Amino acid sequence: MRKSLFFISWALLCCCWTTQAEIFTSIGEFLKNLIYTEKELVQSLREYIKAEESKLAAVKSWAKKLDALTRVSTSDPEGYLAHPVNAYKLMKRLNTEWSELESLVLQNPSDGFISNMSIHRQYFPDEEDETGAAKALMRLQDTYQLDSEAFSRGKLPGLHSNAFLTVDDCYDMGKTAYNDADYYHAVLWMQQSLKQLDAGEEAVVSKADILDYLSYSVYQMGDLPRAIELTRRLVAIEPGHQRAGGNLRYFERLLFKQLNELNQAYQPSSEEPIQLGTYSRPKDHLPEREAYEALCRGEGLQMNEKRRSRLFCRYQDGKRNPRLLLKPMKEEDEWDSPHIVRYLDVLSHEEIEKIKELAKPRLARATVRDPKTGVLTTANYRVSKSAWLEGEDDPVIERVNQRIEDITGLTVNTAELLQVANYGVGGQYEPHYDFSRMSDVEAGGATVFPDFGAAIWPRKGTAVFWYNLFKSGEGDYRTRHAACPVLVGSKWVSNKWIHERGQEFRRPCGLTEVD
């Protein structure tokens with residue numbers, strides 16, 4: 001097994017304040033292109049409407065003219081046909097002009113629009129993309145503790161916009177969660193949908209449909225009194241509902257049985273509206289979930305005055321490397337132990353744009369290695385797109401690789417290729433290690449270290465660097481880290497892993513396991 005000696009992450013682009021098959025994993029050019037595609041389709045739709053209106057106006061003109069003729073002809077058919085011109089024109093109309101009208105009616109102005117739709121449809125998001133985007137919003141909701149109402153009104157921390165969710169949008173969010181047996185989020189979003197509907201907002205979905213999903217989801221969360229109250233509302237609205245009556249009787253029997261077993265009296269359900277915090281979020285596979293998410297919000301940081309006093313900034317010339325003597329690298333300590341540093345002004349704007357340009361055509365959904373099968377696969381805990389670039393691709397990549405070697409004093413001959421990753425809506429990578437076989441992405445809103453309570457925030461053009469192996473070659477398990485979900489915008493990062501092989505004389509082994 002190869003081991004990575006250290007990990008270095010280049011913040012190519014801090015959050016761009018833009019609103020964002022597997023399209024949901026990345027904003028990049030993919031969603032931008034869809035915006036322009038939609039604009040083109042709107043123009044095509046307008047042209048179709050104009051053609052339909054023109055056709056309808058022509059048909060109306062025919063109808064008006066023929067209506068006047070038939071009124072005259074039917075008032076005195078014999079007298080009308082007595083005139084030879086009228087007889088001729090009747091023959092002509094029925095033989096020629098009605099055929100022309102038939103051809104006009106049979107014309108289909110939608111052909112151009114349908115053709116345009118067919119061309120672009122291959123690039124449309126599919127059901128998996130829509131589901132992925134919905135789950136990304138729920139991930140942001142959990143990580144940054146955003147209530148559904150604020151979210152539906154576009155009120156994100158530090159940002160107010162006109163991006164909002166309708167009754168039907170909230171209902172679809174809830175339905176996505178429900179279909180995934182995620183009743184916690186189903187309750188939050190169905191409740192928000194019901195709240196907006198009760199406030200008078202127009203919607204396609206009916207109140208009965210919302211109550212149907214909401215009542216059962218509340219039951220699944222273990223709140224029988226509220227499930228009964230919601231089901232009663234559903235029965236009152238739609239007495240013949242195929243499930244409501246049976247569900248209500250079942251819920252009531254179940255509650256009665258529980259109360260008898262506990263020897264308690266019936267208590268009506270709370271009149272407080274369901275909101276964030278009403279129910280506890282179910283535990284999942286990640287033991288440090290709460291600590292990780294708190295760090296993403298900037299809470300629980302273990303930085304204090306004593307630790308801060310041990311952090312310094314300096315000029316670094318790579319042990320008098322000729323390429324750094326005249327322009328040494330600016331180095332800042334981000335954390336003392338394990339030692340994490342940031343290098344400033346590592347990449348220029350022009351280099352960043354060139355790297356993005358090279359990466360965009362190659363971006364693909366980032367993968368992880370399945371620990372059981374060893375096969376690379378996509379995973380819900382890692383949501384991004386990535387590409388790999390080699391020095392031969394462009395002089396800029398070769399220059400970046402040389403710069404890494406100059407800064408670190410380590411050879412990159414045995415290193416991984418330069419990896420470029422783009423994190424789109426809700427993009428994240430949950431806590432993981434980077435000292436096994438390396439093929440993973442490290443990026444996100446902030447990079448957080450749950451074991452020692454650190455959060456490293458992205459800054460454009462900078463590089464963050466740490467060793468994830470001790471000199472002995474043993475893994476430093478403190479470096480388990482995570483990329484927080486991107487709340488707003490798109491984040492580009494580039495990563496470089498350098499392996500221990502080839503560094504024997506550049507970073508000699510220490511005397512103990514933890515040197």
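Just so it is clear, the values below take in all heavy atoms, side chains as well, and ignore hydrogens, waters and symmetry mates. This is a predicted model, so every value here is computed, not measured.
With values rounded to the nearest 0.5 angstrom, Glu102 atom CD is found 14.0 Å from Glu97 atom CD. Interatomic distance, Ser206 OG to Leu197 CG, rounded to the nearest 0.5 Å: 8.5 Å. Annotation: the span from Lys195 atom NZ to Cys170 atom SG amounts to 11.0 Å, rounded to 0.5 Å. The CD atom of Glu100 sits 5.5 Å away from the CH2 atom of Trp62 when rounded to the nearest 0.5 Å.
Taking the six-membered ring wherever Trp is involved, the centroid distance between the rings of Phe449 and Trp335 does not fall below 6.0 Å.
With hydrogens and angles ignored, the 3.5 Å screen pairs no side-chain donor or acceptor of Ser215 with any backbone N or O of Ala227. Looking only at distances, a side-chain donor or acceptor of Thr74 sits under 3.5 Å from a matching main-chain atom of Thr70. Although no hydrogens or angles enter the test, the distance criterion places a donor-acceptor pair under 3.5 Å between the side chain of Lys55 and the main chain of Gln107. Formation of a donor-acceptor pair under 3.5 Å by the Asp168 side chain with backbone atoms of Val205 is found in this model. Listed for the Glu201 side chain is a donor-acceptor partner under 3.5 Å among the backbone atoms of Val167. Listed for the Glu290 side chain is no donor-acceptor partner under 3.5 Å among the backbone atoms of Glu288. Side chain of Lys496 to backbone of Gln419: no donor-acceptor contact under 3.5 angstrom is found.
Checking each of Thr231, Asn247, Leu224, Ile228 against Glu252 for a side-chain contact (heavy atoms from CB on, under 4.5 Å) leaves exactly one that passes, namely Ile228. The residue from Tyr178, Tyr171, Phe151 that alone fulfils the side-chain contact (heavy atoms from CB on, under 4.5 Å) condition with Trp189 is Phe151. Among Thr143, Asp182, Leu146, the one residue that satisfies the side-chain contact (heavy atoms from CB on, under 4.5 Å) test with Met138 is Asp182.
Side-chain atoms of Ser152 and Gln196 form a donor-acceptor pair, as typed in the model, at a separation below 3.5 Å. Judged by distance alone, the side chains of Asp451 and His481 never bring a donor and an acceptor atom under 3.5 Å apart. Judged by distance alone, the side chains of Asn108 and Ser110 do bring a donor and an acceptor atom under 3.5 Å apart. Under the 3.5 Å distance criterion, with hydrogens and angles disregarded, no donor-acceptor pair is assigned to the side chains of Asp476 and Thr479. The closest side-chain donor-acceptor pair between Tyr279 and Asp223 falls under 3.5 angstrom. For Tyr36 and Glu40, the side-chain atoms include no donor-acceptor pair closer than 3.5 Å.
Nearest heavy-atom pair across Arg342 and Pro458 is NH1-C, 4.3 Å.
Taking a 6.0 Å sphere around CZ of Arg281, one finds it holds more than 12 heavy atoms contributed by other residues, nucleotides or ligands. Heavy-atom neighbours of Tyr144 OH from other residues, nucleotides or ligands within 6.0 Å: above the threshold of 12. Heavy-atom neighbours of Glu127 CD from other residues, nucleotides or ligands within 6.0 Å: at or below the threshold of 12. In the displayed structure, Arg362 atom CZ is contacted under 6.0 Å by more than 12 heavy atoms of other residues, nucleotides or ligands. Surrounding NZ of Lys50 are at most 12 heavy atoms belonging to other residues, nucleotides or ligands under 6.0 Å away.
Between Asp67 and Lys60 no salt bridge is recorded (no basic side-chain N to carboxylate O distance below 4.0 Å). Salt-bridge formation is not detected for the pair Glu351/Lys354: no Lys NZ or Arg NE/NH1/NH2 atom is positioned less than 4.0 Å from an Asp or Glu carboxylate oxygen. Contact check on Arg153 versus Glu149 returns no salt bridge, with no Lys/Arg side-chain nitrogen under 4.0 Å from an Asp/Glu carboxylate oxygen. At a threshold of 4.0 Å, the pair Arg233-Asp212 does not count as salt-bridged, since none of the basic side-chain nitrogens sits closer than that to a carboxylate oxygen.
Residues Asp147 and Gln141 fail the side-chain proximity criterion, which asks for heavy atoms closer than 4.5 Å. Contact check for His241 versus Val235: no side-chain heavy atoms found under the 4.5 Å cut-off. Counting heavy atoms from C-beta outward, Ile340 and Phe452 have side chains that approach closer than 4.5 Å.
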For this session: Run the numbers on His185 and Asp142 for side chain to side chain donor-acceptor pair (under 3.5 Å), then give the verdict.
Result: CA-CA 9 Å; His185 288 107; Asp142 293 339; 2.8 Å; yes
Exercise. Is there a side chain to side chain contact (heavy atoms under 4.5 Å, CB included) between Lys135 and Thr131 once you walk through the steps?
Worked result: CA-CA 6 Å; Lys135 289 181 178 180; Thr131 299; 3.7 Å; yes
